[in-house]
Trainee: 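Below you'll find the structure I mean.
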Amino acid sequence: QVQLVESGGGLMQAGGSLSVSCAASRGTFSSYAMGWFRQVIGPERELVAAISWSGGSTYYADSVKGRFTISRDNAKNTVYLQMNSLKPEDTAVYYCAARATTGVPTTKGGYDYWGQGTHVTVSS
């Protein structure tokens, strides 16, 4: 069973950049599609970006297209989310998630494993 640990969140001014990382352990990382979700208030988590096991396929929410980039390094068992041109509305807790699949799940229910989250705050 894979375990996920996010890092790299913090405080940034609008227009700036942040990168968050998610390190995986106890699993075959290269077998997992990975997703980055964010949550503001309540139980709803929005899928921000996702990437296939090989990195060959990606998905981005419309709200982050052209600003965020998801990538992965299977040799380091890590997935990254580079966030540029940050906006105050990007403020959230960011979670990474994993699913052993060859596809790219685009729903919360499509993922089996979750990290504990990392806070990202964007000030105006």
Side-chain angles (χ1 to χ4, degrees):
Q1 177 170 327
V2 67
Q3 293 187 338
L4 305 172
V5 178
E6 300 95 337
S7 62
L11 174 65
M12 177 55 65
Q13 288 186 329
S17 298
L18 274 177
S19 179
V20 290
S21 303
C22 173
S25 61
R26 296 189 182 181
T28 306
F29 181 71
S30 59
S31 299
Y32 291 90
M34 301 297 297
W36 281 101
F37 287 76
R38 64 187 180 189
Q39 184 173 3
V40 180
I41 297 175
E44 293 300 318
R45 290 185 183 181
E46 173 195 13
L47 177 63
V48 173
I51 189 167
S52 63
W53 66 273
S54 66
S57 297
T58 56
Y59 165 89
Y60 294 95
D62 288 343
S63 57
V64 305
K65 279 181 182 176
R67 301 189 298 121
F68 290 12
T69 302
I70 188 171
S71 62
R72 65 189 296 159
D73 186 338
N74 286 347
K76 295 182 178 180
N77 292 349
T78 302
V79 63
Y80 307 93
L81 184 68
Q82 176 66 42
M83 302 180 287
N84 298 329
S85 302
L86 283 163
K87 303 176 181 180
E89 52 262 43
D90 294 319
T91 296
V93 178
Y94 284 72
Y95 296 88
C96 71
R99 172 73 179 261
T101 179
T102 56
V104 182
T106 58
T107 63
K108 179 182 174 183
Y111 291 85
D112 298 315
Y113 306 104
W114 295 84
Q116 83 290 349
T118 185
H119 289 260
V120 171
T121 302
V122 183
S123 62
S124 58

Trainee: Using modelled atom types and a 3.5 Å cut-off, is there a donor and acceptor pairing between side-chain atoms of Arg72 and backbone atoms of Phe29?
Mentor: yes
Trainee: Looking at Glu6 and Cys96, would you say the former's side chain and the latter's main chain have a donor-acceptor pair under 3.5 Å?
Mentor: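 Side chain of Glu6 to backbone of Cys96, a donor-acceptor pair under 3.5 Å: yes, one is there.
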Trainee: Taking all heavy atoms of Ala24 and all of Leu4, pick out the closest pair and write down the distance.
Mentor: CB-CD2, 3.7 Å
Trainee: Decide whether a cation-pi geometry holds between Arg26 and Tyr113; the criteria are a distance under 6.0 Å from NZ or CZ to the six-membered ring centre and an angle within 45° of the ring axis.
Mentor: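 Negative - Arg26 is either too far from the ring of Tyr113 or too far off its axis.
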Trainee: What are the two closest non-hydrogen atoms of Phe68 and Val48, and how far apart are they?
Mentor: CD2-CG1, 3.5 Å
Trainee: Once side-chain contact (heavy atoms from CB on, under 4.5 Å) is applied, do any residues pair with Ala23, and if so which ones, sequence neighbours excluded?
Mentor: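 Partners of Ala23 under the side-chain contact (heavy atoms from CB on, under 4.5 Å) test: Thr78.
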Trainee: For Val122, is there any backbone N or O sitting under 3.5 Å from a side-chain donor or acceptor partner on Thr91?
Mentor: yes
Trainee: Quick test of your reading of the model: are Asp90 and Lys87 salt-bridged, counting only N-O distances below 4.0 Å?
Mentor: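 Lys87 and Asp90: not salt-bridged.
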Trainee: Would you check if Val2 and Met34 make a side-chain contact, meaning some heavy-atom pair closer than 4.5 Å?
Mentor: no
Trainee: Which heavy atom in Gly9 sits nearest to a heavy atom in Val20, and how many Å separate them?
Mentor: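 Looking at all heavy atoms of both residues, the closest pair is N-CG1, 3.8 Å.
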Trainee: Does one hydrophobic cluster hold both Tyr59 and Trp53, with members joined at side-chain heavy-atom distances below 4.5 Å?
Mentor: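 In one cluster: no.
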Trainee: Are Ser63 and Glu46 close enough that a side-chain donor and a side-chain acceptor fall under 3.5 Å?
Mentor: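 There is such a pair between these side chains.
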Trainee: So, for Pro43 and Lys108, which heavy atoms are closest and what is the spacing to 0.1 Å?
Mentor: O-NZ, 3.3 Å
Trainee: Would you say that Val104 contacts Thr58 through its side chain, given a criterion of any heavy-atom pair below 4.5 Å between the two side chains?
Mentor: no
Trainee: Search all heavy atoms of Gly117 against all heavy atoms of Val93 and return the closest pair with its distance.
Mentor: CA-CG1, 3.9 Å
Trainee: Where is the tightest heavy-atom contact between Leu18 and Gly8, given as atom of each residue plus distance?
Mentor: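 Between these two residues, the closest heavy atoms are CD2-O, 4.2 Å.
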Trainee: Mind checking whether Leu86 and Tyr95 sit in one hydrophobic cluster, side chains of I, L, V, M, F, W, Y counted as touching below 4.5 Å?
Mentor: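 No, no single cluster joins them.
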Trainee: Report the relative orientation of the aromatic rings in Phe37 and Tyr111; use parallel for angles under 30°, tilted for 30 to 60°, perpendicular for over 60°.
Mentor: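 Ring orientation, 0 to 90° scale: perpendicular.
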Trainee: For Asn84, enumerate each residue passing the side-chain contact (heavy atoms from CB on, under 4.5 Å) test, keeping only those at least two apart in sequence or located in another chain.
Mentor: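 Residues passing side-chain contact (heavy atoms from CB on, under 4.5 Å) with Asn84: Ser17, Gln82.
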Trainee: Is it possible for you to say whether Val120 and Leu47 belong to one hydrophobic cluster, with membership spreading through side-chain heavy-atom contacts below 4.5 Å?
Mentor: no
Trainee: Just how far is it from atom OG of Ser30 to atom CG of Asp73, taken to the nearest 0.5 Å?
Mentor: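 Ser30 atom OG to Asp73 atom CG measures 11.5 Å (nearest 0.5 Å).
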Trainee: Run the side-chain contact (heavy atoms from CB on, under 4.5 Å) test against Thr101 and tell me which residues pass, sequence neighbours left out.
Mentor: Ala33, Arg99, Pro105
Trainee: Quick one: pull up OG in Ser25 and CD in Gln1 and give me the separation to the nearest 0.5 Å.
Mentor: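 Separation between the atoms: 10.5 Å.
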Trainee: Using 0.5 Å steps for rounding, measure from the CG atom of Leu81 to the OG atom of Ser21.
Mentor: 9.0 Å
Trainee: Say you draw a straight line from OH of Tyr80 to CH2 of Trp36; how long is it, rounded to the nearest 0.5 Å?
Mentor: 10.5 Å
